[in-house]
Amino acid sequence: MSNKYIVRQPIKNAESKIIGYEIQYHGENQAFSDMAATDFAAADTIYNFLTQNTDKLLRGSLNFMTFTTTLLMKKTPRLFAQDELVIQIDDSVIIHPLAMRMVQQYAKEGYRIAVNEFQFAPRYLGILDGIDYIKLNFQNVPELTLKNIIEIAHSMKKQCIAVGIDTEELYQKALKLKVDALEGTRVAEKLTTRAHSSGYLQSNFFRLMVAVTRDEPDVEEIEQIISVDATLTYGLLKMANSVYFALRRRVTTVRQAIMTMGLNELKQWVYLLSASNAENQMEEGAEEFLRMSFMRASFCSNLMNYAKNMPISKPEAYLMGMFSTLNYLIDAPLSEILEQIPLCSEVKEALLQHKGRCGMLYDLALSYERADWPQIDRLAEELGIPTNLLTSVYFSCMEDVNRVWNEMTQPEPKQLEEQPAEEPELANV
């Protein structure tokens with residue numbers, strides 16, 4: 001039996017704003033969108049996974065998901081609210097009379113419908129009235145055909161999503177043809193503009209990130225770094241007083257905040273604290289890169305529990321994932337940025353040259369993001385990581401990232417008491 005993986009990939013509009021995520025499945029020797037309609041085993045796997053994970057992982061975002069006839073018969077779309085799901089269909093559903101009647105019923109209930117790899121064919125044109133999104137594979141279709149389809153779709157108030165955008169050339173071609181949204185590896189890497197902040201390289205953020213991820217962190221060093229930076233101090237106190245810690249008394253000093261949270265929580269939050277409060281230094285769209293870096297950090301660190309013969313520690317793997325998107329957040333090459341950060345040579349080589357076993361671990365995280373199934377299998381095997389654990393590790397990390405992000409971005413709660421807190425014991429160090 002082959003391995004089963006489930007991953008989500010961002011779909012962005014022309015301004016690089018996330019409009020939703022495509023949920024992709026691979027298993028039973030079939031990609032999610034290519035499963036035979038009679039493949040009940042694969043359908044059961046997807047249904048069971050969604051039943052267990054939809055509430056905590058896929059809420060609050062628009063999820064694009066391909067449904068086979070089998071999944072439609074299992075009423076899988078009803079695991080999602082209407083405003084959280086786009087039902088994607090392909091040829092196997094379009095030519096199936098019963099399946100199309102079910103799709104039409106879901107549309108009447110308020111679910112949005114998308115067609116994968118739309119074609120100029122009677123069966124596709126005949127359902128155009130009842131769909132909301134047209135997905136076009138820019139790698140396989142002539143430009144003139146794409147142009148005609150997009151013009152017709154727009155005249156009928158349909159949105160067009162370009163998929164397979166894996167190169168800058170395809171990216172520019174999609175923008176030229178005025179698609180409404182884009183999906184692919186190049187899209188996931190693209191920002192409208194980079195932040196222009198030369199001073200950001202010298203900020204306390206880098207010193208703090210390194211300090212909290214040492215094998216034996218120095219609390220006094222961490223306190224000193226935070227205390228001289230107003231942005232970090234503000235962010236730390238806001239987080240320590242958040243709903244997550246449910247304190248009876250308000251934390252008012254950096255030392256109290258560090259002791260209340262403990263270093264294990266602090267090193268999970270500190271990157272987001274520094275970056276998310278530097279809003280004046282970042283363009284719109286940077287938020288997704290912050291989330292991506294946190295997700296990579298968590299994924300790389302957790303994969304270290306299984307990877308064999310690794311020359312780095314879990315904290316170093318965490319930093320590797322965390323710093324992997326800095327060249328998109330800062331107007332400088334990654335090599336220049338890493339020169340100013342005291343990372344070990346193995347991590348730098350992994351990030352810059354994809355070398356060694358650290359490079360394999362980093363590439364495994366990237367391959368999972370891109371849904372590169374053969375590469376996932378190969379790298380996991382070389383690293384000694386059981387492939388059947390990857391999906392659960394990935395979604396456990398996603399749940400953690402979502403928790404942290406929600407805590408970071410929700411308003412501060414009203415405190416029960418406003419007097420200063422007593423100095424608590426240092427937790428979770």
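Starting from 1, each residue takes its place in the sequence as its number.
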Item checked: NZ (Lys176) with more than 12 external heavy atoms under 6.0 Å ->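 It does not: Lys176 NZ has 12 such atoms or fewer within range.
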Notebook entry, point to check: How about Gln105: does its CD atom have over 12 heavy atoms from other parts shown lying under 6.0 Å from it?
Noted result: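 Yes, CD of Gln105 has more than 12 neighbouring heavy atoms, counting only those of other groups under 6.0 Å.
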Could you check if a side-chain atom of [X] sits within less than 4.5 angstrom of a side-chain atom of [Y], using non-hydrogen atoms only?
| X | Y | value |
| --- | --- | --- |
| Leu389 | Ile385 | no |
| Leu175 | Gln172 | yes |
| Val86 | Met65 | no |
| Leu72 | Val103 | yes |
| Glu22 | Asn63 | no |
| Glu382 | Leu364 | no |
| Thr68 | Met73 | no |
| Phe138 | Val179 | yes |

Using a 3.5 Å distance criterion without hydrogens, assess whether the side chain of [X] forms a donor-acceptor pair with backbone atoms of [Y].
| X | Y | result |
| --- | --- | --- |
| Asp90 | Asn116 | no |
| Ser301 | Ser298 | no |
| Thr69 | Ala99 | no |
| Gln9 | Glu369 | yes |
| Arg357 | Lys308 | yes |
| Ser324 | Gly321 | yes |
| Lys135 | Tyr133 | no |
| Tyr111 | Ala81 | no |
| Gln139 | Gly164 | yes |
| Gln82 | Glu109 | yes |

Next item on the list: Let me know which of His154, Gln159, Lys158 forms a side-chain hydrogen bond (donor to acceptor under 3.5 Å, both in side chains) with Asp180.
Entry: His154
Would you mind checking if [Y] and [X] are paired as a salt bridge, meaning a charged N to carboxylate O distance below 4.0 Å?
| X | Y | value |
| --- | --- | --- |
| Glu346 | Lys355 | no |
| Lys12 | Glu183 | no |
| Lys173 | Glu169 | no |

Notebook entry, point to check: Among Ile258, Ile222, Ile225, whose side chain to side chain contact (heavy atoms under 4.5 Å, CB included) with Val212 holds?
Noted result: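 When side chain to side chain contact (heavy atoms under 4.5 Å, CB included) is applied between Val212 and each of Ile258, Ile222, Ile225, only Ile222 qualifies.
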Checklist line | Candidates Ile150, Leu177, Leu182 - the one meeting side chain to side chain contact (heavy atoms under 4.5 Å, CB included) with Cys160 | finding: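 Exactly one option meets the side chain to side chain contact (heavy atoms under 4.5 Å, CB included) with Cys160, and it is Ile150.
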Checklist line | Worked check of side-chain contact (heavy atoms from CB on, under 4.5 Å) between Arg8 and Phe395 | finding: CA-CA 10 Å; Arg8 68 177 195 170; Phe395 275 91; 5.7 Å; no
With rounding to the nearest 0.5 angstrom, report the [atom1] to [atom2] distance, [X] to [Y].
| X | Y | atom1 | atom2 | answer |
| --- | --- | --- | --- | --- |
| Leu390 | Leu303 | CG | CG | 6.5 Å |
| Leu208 | Glu221 | CG | CD | 9.0 Å |
| Met322 | Glu316 | CE | CD | 15.0 Å |
| Gln375 | Leu366 | CD | CG | 10.0 Å |
| Ile149 | Phe118 | CD1 | CZ | 6.0 Å |
| Ile376 | Glu381 | CD1 | CD | 14.0 Å |

Return the minimal non-hydrogen interatomic distance between [X] and [Y], and the atom names on each side.
| X | Y | answer |
| --- | --- | --- |
| Ala350 | Met320 | CB-SD, 3.6 Å |
| Thr387 | Ala380 | CG2-CB, 3.6 Å |
| Phe80 | Thr76 | CD1-O, 4.3 Å |
| Cys300 | Leu361 | O-CD2, 3.9 Å |

Under a plain distance cut-off of 3.5 Å, with no hydrogens placed, do [Y] and [X] share a side-chain donor-acceptor pair?
| X | Y | result |
| --- | --- | --- |
| Arg186 | Thr167 | no |
| Gln224 | Glu220 | no |
| Asn302 | Ser396 | no |
| Asn305 | Lys314 | yes |

Checklist line | Pairing residues for Ala181 by the side chain to side chain contact (heavy atoms under 4.5 Å, CB included) criterion, not counting sequence neighbours | finding: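 For Ala181, the residues satisfying side chain to side chain contact (heavy atoms under 4.5 Å, CB included) (neighbours in sequence not counted) are Ile11, Ile19, Ile161.
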Margin query: Is there a side-chain contact (heavy atoms from CB on, under 4.5 Å) between Trp373 and Val7? Walk through the geometry before answering.
Written below: CA-CA 10 Å; Trp373 316 122; Val7 66; 3.7 Å; yes
Check: How far apart are the C-alpha atoms of Thr66 and Ile89, what are their side-chain angles, what is the distance that settles it, and do they pass the side-chain contact (heavy atoms from CB on, under 4.5 Å) test?
Finding: CA-CA 6 Å; Thr66 299; Ile89 58 174; over 6 Å; no
Check: Between Asn13 and Ile18, is a side-chain contact (heavy atoms from CB on, under 4.5 Å) present by the stated rule, with each step listed?
Finding: CA-CA 7 Å; Asn13 63 17; Ile18 300 283; over 6 Å; no
Notebook entry, point to check: Relative to each other, are the rings of Phe294 and Tyr318 parallel, tilted or perpendicular (30° and 60° limits)?
Noted result: perpendicular
Next item on the list: Give the C-alpha distance, both sets of side-chain angles, the deciding distance and a yes or no for side chain to side chain donor-acceptor pair (under 3.5 Å) between Tyr368 and Thr391.
Entry: CA-CA 9 Å; Tyr368 206 99; Thr391 293; 2.9 Å; yes
Checklist line | Partner of Phe299 by ring pair (Phe, Tyr, Trp, His ring centres under 6.0 Å), out of Tyr306, Tyr394, Tyr362 | finding: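 That would be Tyr394.
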